[in-house]
Amino acid sequence: MPPGDTVAVTGGGGFIGSNLVSALLAQGTQVRIVDNFLSGHRVNVPVHSEAVSLREGDITTPGVLDEVCAGASAVFHLAASVGNKRSIDDPIRDSEINVLGTLRVLEAARHAGVQSVVVSSSAGIFGELKTLPIAEDHPIDPDSPYGVSKLAAEKQCLAYAKLYPLRAVALRYFNVYGPNQRFDAYGNVIPIFAFKMLRGEPITIFGDGEQTRDFVHVDDVVQANLRASTEGPSRAYNVGSGTTVTINRLVELMEEVSGIRANVTHGPPRPGDVRHSRADVSEAERHLGFAPSVRLEDGLRDYMAWARREVARP
């Protein structure tokens, strides 16, 4: 974003949102954050910065987004209910946040004359995979309410781009990890494993551990967001590392970078989990100039160091 611009970030107190806010501030952007802190953390919000303003509230509540979007050139929509298991446990709340919440973001952006909206989507829209790597035109058949709600949010985003003078881009995240990602039993496997290992607790691998995932560092996801706000046509893009690793190998890497021996237990496969996943990011590379650069080993080393400091905090 050009220095001096004003942007809005929903979910700016969350994991990805807070990393994005830091990057925006570093380039001289004025940032307005909206967050209800049900899953985000106040410690993530740089309240000491005069370039940041915080509107505490829920994106599903009428009127909350109007003042945040007024005068903004772009909106980064990261507020969400995340994860297959959470959506299976509470599908109505999942849809309220991911479907109705996204619609309220788009409406507020449209009425405020915002130039571009970047909506966070998910690889969960694809469901069980037919081909690897996964391109944007892979068949879409979500296996959970979460995948369905994220697909609906995508479709809303792209419909608004057709109906109104608004650039709207949906970024389909694969497995994102990195600093500010705290332990959450509904969340990504990396923070679950990391915090349990650091606390000396057993970790559970569901299934045989040979399922594969594409883990992408949050720094790369932030760069994708920044580029999507100014470059490329309105459409959906995959955002991943373009590489793959088994869960068994992931545990080995986390042991190597941390010096901790994991106490591994096994459980049955979880409903809604796909067997294999790897992103084809060539379209994001071509249209956005996106180039994932953080190697998994390096990212895990930095993340384990960050998580160690978190565990040690009073």
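These numbers come from the heavy atoms of this one structure, side chains and all, not from hydrogens, waters or symmetry mates.
Scored by the side chain to side chain contact (heavy atoms under 4.5 Å, CB included) test, T212 finds T244, T246, H276 as partners (sequence neighbours excluded).
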- Task: Go through the steps to decide whether R172 and S122 satisfy the test side chain to side chain contact (heavy atoms under 4.5 Å, CB included), and finish with yes or no.
- Result: CA-CA 4 Å; R172 294 171 176 169; S122 168; over 6 Å; no
- Message: Determine whether S49 and L25 satisfy the following criterion, side chain to side chain contact (heavy atoms under 4.5 Å, CB included), listing intermediate values before the conclusion.
- Response: CA-CA 9 Å; S49 173; L25 293 175; 4.2 Å; yes
- Task: Let me see the working for V117 and C157 under side chain to side chain contact (heavy atoms under 4.5 Å, CB included), right down to the final yes or no.
- Result: CA-CA 8 Å; V117 176; C157 168; 5.6 Å; no
- Query: Under the side chain to side chain donor-acceptor pair (under 3.5 Å) criterion, do D5 and T29 qualify, and how do the steps go?
  - Reply: CA-CA 5 Å; D5 264 21; T29 304; over 6 Å; no
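In the model, S121 has a side-chain atom that pairs as donor or acceptor with a side-chain atom of E154 under 3.5 Å. Using modelled atom types, one finds no donor on one side chain facing an acceptor on the other under 3.5 Å when comparing N98 with S81. S241 and D214 are linked by a side-chain donor-acceptor pair at a separation below 3.5 angstrom, with hydrogens and angles left out of the test. Side-chain atoms of N238 and E283 form no donor-acceptor pair, as typed in the model, at a separation below 3.5 Å.
In this structure, the side chain of N180 does not engage the main chain of G14 through any donor-acceptor pair within 3.5 Å. R286 places no side-chain N or O within 3.5 Å of a backbone atom of V281 that could act as its donor or acceptor partner. Side chain of Y303 to backbone of Q181: a donor-acceptor contact under 3.5 angstrom is found.
Residues V274 and D143 meet the side-chain proximity criterion, which asks for heavy atoms closer than 4.5 Å. Inter-residue side-chain proximity for P191 and F15 is flagged as unmet; no heavy-atom pair is nearer than 4.5 Å. The side-chain heavy atoms of H77 and S120, taken from C-beta on, include no pair separated by under 4.5 Å. Residues L198 and I260 are in side-chain contact: their nearest non-hydrogen atoms beyond the backbone lie under 4.5 Å apart. Using a 4.5 Å heavy-atom cutoff, the side chains of V169 and S116 are not in contact. Using a 4.5 Å cut-off on side-chain heavy atoms (C-beta onward), F193 and I247 make contact. A 4.5 Å side-chain heavy-atom check between V7 and V31 finds at least one atom pair inside the cut-off. Annotation: side chain of P145 is in contact with side chain of I88 (closest heavy-atom distance under 4.5 Å).
H287 and Y237 have tilted rings, their planes meeting at an angle from 30° to 60° on a 0 to 90° scale. Using a 30° and 60° split on the angle between ring planes, F174 and F126 fall in the tilted class, from 30° to 60°.
To the nearest 0.5 angstrom, L163 atom CG is 11.0 Å from L158 atom CG. In this structure, CZ on R261 lies 14.0 Å from CE on M254, to the nearest 0.5 angstrom. Separating the CG atom in D302 from the CD atom in E297 is a distance of 12.0 Å, to the nearest 0.5 Å. To the nearest 0.5 Å, atom CG of residue L253 and atom CZ of residue R301 are 9.5 Å apart. How far CD1 of I134 is from OG of S277: 4.0 Å, rounded to the nearest 0.5 Å.
The existence of a salt bridge linking E107 and R104 is excluded, since no basic side-chain nitrogen approaches an acidic carboxylate oxygen closer than 4.0 Å. Ion pairing between D58 and R93 holds under the 4.0 Å rule for side-chain N and carboxylate O.
The cationic atom of R227 (NZ for Lys, CZ for Arg) does not lie both less than 6.0 Å from the six-membered ring centre of F290 and within 45° of the ring axis. In this structure, R182 is not positioned above the aromatic face of F195 in the sense of NZ or CZ being under 6.0 Å from the six-membered ring centre and within 45° of the axis. Cation-pi geometry between R167 and Y160 is not satisfied (NZ or CZ under 6.0 Å from the ring centre, within 45° of the ring normal).
Both V264 and L300 sit in one connected hydrophobic cluster of ILVMFWY residues. Membership requires side-chain heavy atoms under 4.5 Å apart, directly or through other members. Hydrophobic clustering (side-chain heavy atoms under 4.5 Å, transitive across Ile, Leu, Val, Met, Phe, Trp, Tyr) keeps V245 apart from L132.
A side chain to side chain contact (heavy atoms under 4.5 Å, CB included) with V221 holds for exactly one of V294, V239, L226; it is V239.
The local environment of CD in Q115 is sparse, with at most 12 non-hydrogen atoms from other residues, nucleotides or ligands closer than 6.0 Å.
Closest non-hydrogen pair, T204 versus H266, comes out as CG2-C, 4.2 Å. Taking both residues in full, the closest heavy atoms of A262 and I203 are given as CB-CD1, 3.9 Å, listed atom of the first, atom of the second, then distance. The two residues A79 and I59 make their nearest non-hydrogen contact at CB-CD1, 3.9 Å. Of all non-hydrogen atoms in D66 and A108, the two that sit nearest each other are OD1-CB, 4.0 Å. Pairing each heavy atom of S87 with each of Y146, the nearest pair is OG-N, 3.0 Å. Scanning all heavy atoms of the two residues, the minimum distance from L78 to T10 falls at N-OG1, 2.9 Å.
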